[in-house]
Amino acid sequence: MLYATRYAILKLHRFLLPSSNLLAFMPYAHRTRLCLLHSQPLPSRDAYKFDNVEDAVALFNCKVDMHPQPSIVELTKILGTIVKMKYYATAIHLYTHMESKGILPFSVTLNIMINCYGHAGQMGFALSVMSKFVKWGFKPSAVTFTTLMKGLCLNGKILDALYIYGKIVAKGFWFDEVMYGTLINGLCKSGETRVALQRLWKMEGQFVKPNLVMYNIVVDGLCKDGLLNDALDLYFNMLGRGISPDIVTYTSLIYGFCHAGQWKEAGLLLNVIFVKDISLDVYTFNIIIDALCKEEMLLQAHDLCDVMILRGQQPNIITYTILMNGYCLNNKVDEARNLFDMVIERGVVPDVWSYNILIKGYCKINRVDEARNLMKDMFRKNIVPNIVTYNTLVDGLCKAGRISSAREIVNEMHYCGQPFPNVTTYNIILDFVCKNQHLDEAIRLFKSLIFERRFVPNVWSYNILISGYCKNKRLDGAMNLLQDMFKNLDPNIETYNILLHALCDRQQLGKMSKT
DNA sequence: ATAGGGTTAG
């Protein structure tokens with residue numbers, strides 16, 4: 001009898017069993033518990049579905065301890081569902097436990113583990129899984145290599161991903177659509193848009209053709225880099241290939257032109273969308289509302305928000321944050337706050353970003369106590385403040401002259417580590433100390449931070465101090481710091497501006513040409 | 001069929 005027929009009959013048989021008929025109407029988690037109680041094998045005909053990780057973990061642990069040992073396929077299925085819920089660390093833990101019990105993985109299990117290590121930021125372990133393929137005689141598949149490349153890209157190792165790509169191609173292995181998609185996205189997200197573009201051009205003549213999403217990824221990358229002509233070239237190239245650009249393509253292009261201040265082009269593209277009768281989505285509206293806000297056209301921005309609702313698109317928390325930011329930029333913090341309160345009343349849940357914008361707004365107009373209250377409000381609502389929240393507040397407190405409160409918060413960050421102070425935090429303090437004419441104290445602080453708190457200064461840290469030296473007419477000190485900076489960092493345009501300004505002031509043009 | 005990618009906004 002054919003295997004498929006046997007399987008079909010078996011399935012039917014299972015279904016007709018009275019107990020399983022009853023079970024079919026129960027949530028799967030309950031079925032799991034029932035099966036555990038009666039130590040019956042689970043119906044394996046459908047995929048595992050769990051309401052929460054705990055159930056999945058419980059089932060996995062139960063199966064691992066069973067006698068005789070369960071099939072690795074069953075365990076792999078459970079691992080797969082846990083990974084789909086994004087509990088990578090849990091899956092790694094379970095896998096280790098399984099291996100310690102002497103249960104050996106097979107190729108699919110290993111693929112899952114590479115995925116887990118990639119998301120957990122442990123590429124070293126992911127690579128050691130690769131060697132297990134060889135050790136146990138499994139063949140890495142297209143899935144294996146895709147997963148590995150994605151992990152490398154996620155962890156900023158785009159060069160390694162490209163190396164793997166080169167190796168695979170050199171072996172005469174064909175890249176499929178998914179592999180190319182992974183690589184192109186990885187390249188764009190690592191800022192290597194040009195390489196991604198070259199890859200895309202090369203694909204044109206190959207067996208696997210670039211698809212809409214691949215085009216969109218590269219168009220977006222080009223727009224983010226401000227390479228608008230290239231983005232338009234690619235757009236026309238799509239049209240020529242018979243791939244219709246969608247709302248995502250247009251949204252990326254409009255974003256690019258808006259950010260370049262090329263309103264006419266952005267408007268033309270918007271017109272194309274209307275002519276083609278493509279409906280705008282929330283992203284498109286948000287980008288245009290943001291552009292209007294940045295151009296101080298707050299009324300129009302607000303009107304567009306209403307248009308959005310009329311057209312059946314609900315503004316989301318990002319829309320409201322954009323509007324709030326628009327108000328704050330114009331020092332209309334109370335209006336931003338009114339909007340914020342109204343949004344919450346309407347049942348939209350605020351997030352960290354929306355709080356951060358409002359906190360920044362209050363700090364800017366020196367109402368730091370209201371900023372602090374907002375942070376307390378976050379704790380009440382279980383919205384976890386992030387490093388931006390803390391840095392904004394520390395900066396606000398410093399600028400309001402409340403240095404002891406600022407230091408209190410930084411110390412709290414340092415000892416609780418939730419979040420840890422970063423370069424920006426320390427730069428805010430350095431800037432404050434410098435601006436208040438305590439240059440020598442700032443230098444002392446700078447050195448002690450490096451030695452005691454493992455502070456790694458960036459260009460801005462140096463710029464702050466160099467600027468401090470310049471304002472105190474101590475150009476030698478500024479030059480020494482510049483020398484010091486050259487050891488690890490490249491100065492940026494701001495560094496040169498500060499120095500040129502100071503040197504021009506003293507008309508020491510001879511020194512200027514040296515820098 | 002248990003495993004792999006994918007685009008836009010603050």
Side-chain angles (χ1 to χ4, degrees), chain A residues 7 44-48 71-84 91 105-116 118-119 129 138 140-151 153-154 161 175-189 196 208 210-224 245-256 258-259 280-291 293-294 301 308 313 315-326 328-329 350-358 360 388:
Chain A
Y7 186 68
S44 58
R45 57 193 171 84
D46 48 10
Y48 286 105
S71 80
I72 181 63
V73 176
E74 285 295 302
L75 292 173
T76 303
K77 279 183 189 172
I78 304 174
L79 272 183
T81 58
I82 292 170
V83 169
K84 280 223 171 73
F106 76 117
S107 54
V108 174
T109 329
L110 295 178
N111 288 340
I112 292 176
M113 288 328 290
I114 293 176
N115 190 13
C116 287
H119 279 97
V129 176
F138 298 118
S141 64
V143 176
T144 316
F145 288 118
T146 313
T147 315
L148 185 65
M149 281 200 313
K150 190 193 168 194
C153 293
L154 277 176
F175 254 52
D176 66 19
E177 207 178 339
V178 179
M179 294 173 100
Y180 272 118
T182 310
L183 186 66
I184 286 174
N185 190 46
L187 284 167
C188 285
K189 295 286 151 17
V208 181
N211 60 24
L212 174 64
V213 178
M214 291 181 203
Y215 272 109
N216 283 349
I217 293 167
V218 181
V219 166
D220 182 62
L222 291 168
C223 288
K224 293 257 162 68
D246 63 356
I247 189 64
V248 177
T249 327
Y250 287 108
T251 303
S252 292
L253 287 167
I254 290 173
Y255 174 88
C258 281
H259 271 245
L280 301 186
D281 66 3
V282 190
Y283 291 88
T284 332
F285 276 111
N286 285 351
I287 287 167
I288 302 168
I289 291 173
D290 191 38
C293 283
K294 301 260 161 77
M308 200 174 159
Q313 291 283 0
N316 57 17
I317 186 63
I318 298 179
T319 322
Y320 294 121
T321 308
I322 291 168
L323 280 173
M324 278 163 47
N325 193 31
C328 286
L329 288 174
D351 62 2
V352 190
W353 279 66
S354 48
Y355 271 101
N356 287 353
I357 293 289
L358 210 50
K360 194 175 165 190
V388 178

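Quick caveat, the model's predicted, so the values are computed rather than measured. Throughout, protein chains are lettered first and strands after them, A, B, ... in sequence-line order, and every chain is numbered starting at 1.
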message: Using OP1 and OP2 only, check whether a side-chain N or O of A/Lys84 sits under 4.0 Å from B/dA3.
response: yes
message: Can you say whether a donor on the side chain of A/Asn356 sits under 3.5 Å from an acceptor on the base of B/dG10, or the other way round?
response: no
- prompt: To the nearest angstrom, how far is A/Tyr180 atom OH from B/dG4 atom C1'?
  reply: 16 Å
field: A/Thr251 (side chain) and B/dT8 (base): donor-acceptor pair under 3.5 Å
entry: yes
Presence of A/Asn286 side-chain N/O under 4.0 Å of B/dG10 phosphate oxygens OP1/OP2: no
- prompt: Is there a donor N/O on one and an acceptor N/O on the other, under 3.5 Å, for the side chain of A/Asn185 and the base of B/dT7?
  reply: no
query: Going through the distances and angles, do A/Thr249 and A/Tyr215 end up as a side chain to side chain contact (heavy atoms under 4.5 Å, CB included)?
result: CA-CA 8 Å; A/Thr249 327; A/Tyr215 272 109; over 6 Å; no
- prompt: Looking only at side chains, do A/Asp281 and A/Gln313 share a donor and an acceptor under 3.5 Å apart?
  reply: no
message: Is there, by distance only and without an angle test, a donor paired with an acceptor across the side chain of A/Thr321 and the base of B/dG10 below 3.5 Å?
response: yes
query: Using a cut-off of 4.0 Å on non-hydrogen atoms, how would the nucleic acid contact of A/Thr109 be classed: base, sugar-phosphate, or nothing?
result: nothing
task: Provide, to the nearest angstrom, the distance between the NZ atom belonging to A/Lys150 and the C1' atom belonging to B/dG5.
output: 7 Å
query: Does A/Thr146 get its side chain close enough to the base of B/dG4, under 3.5 Å, for a donor-acceptor pair?
result: yes
query: Do the side chain of A/Asn316 and the base of B/dA9 come within less than 3.5 angstrom through a donor-acceptor pair of N or O atoms?
result: yes
- prompt: Ring-on-base stacking between A/Trp353 and B/dG10, under 5.5 Å between centres and under 30° between planes: is it there?
  reply: yes
task: Would you state whether a donor and an acceptor, one from the side chain of A/Asp351 and one from the base of B/dG10, lie under 3.5 Å apart?
output: yes
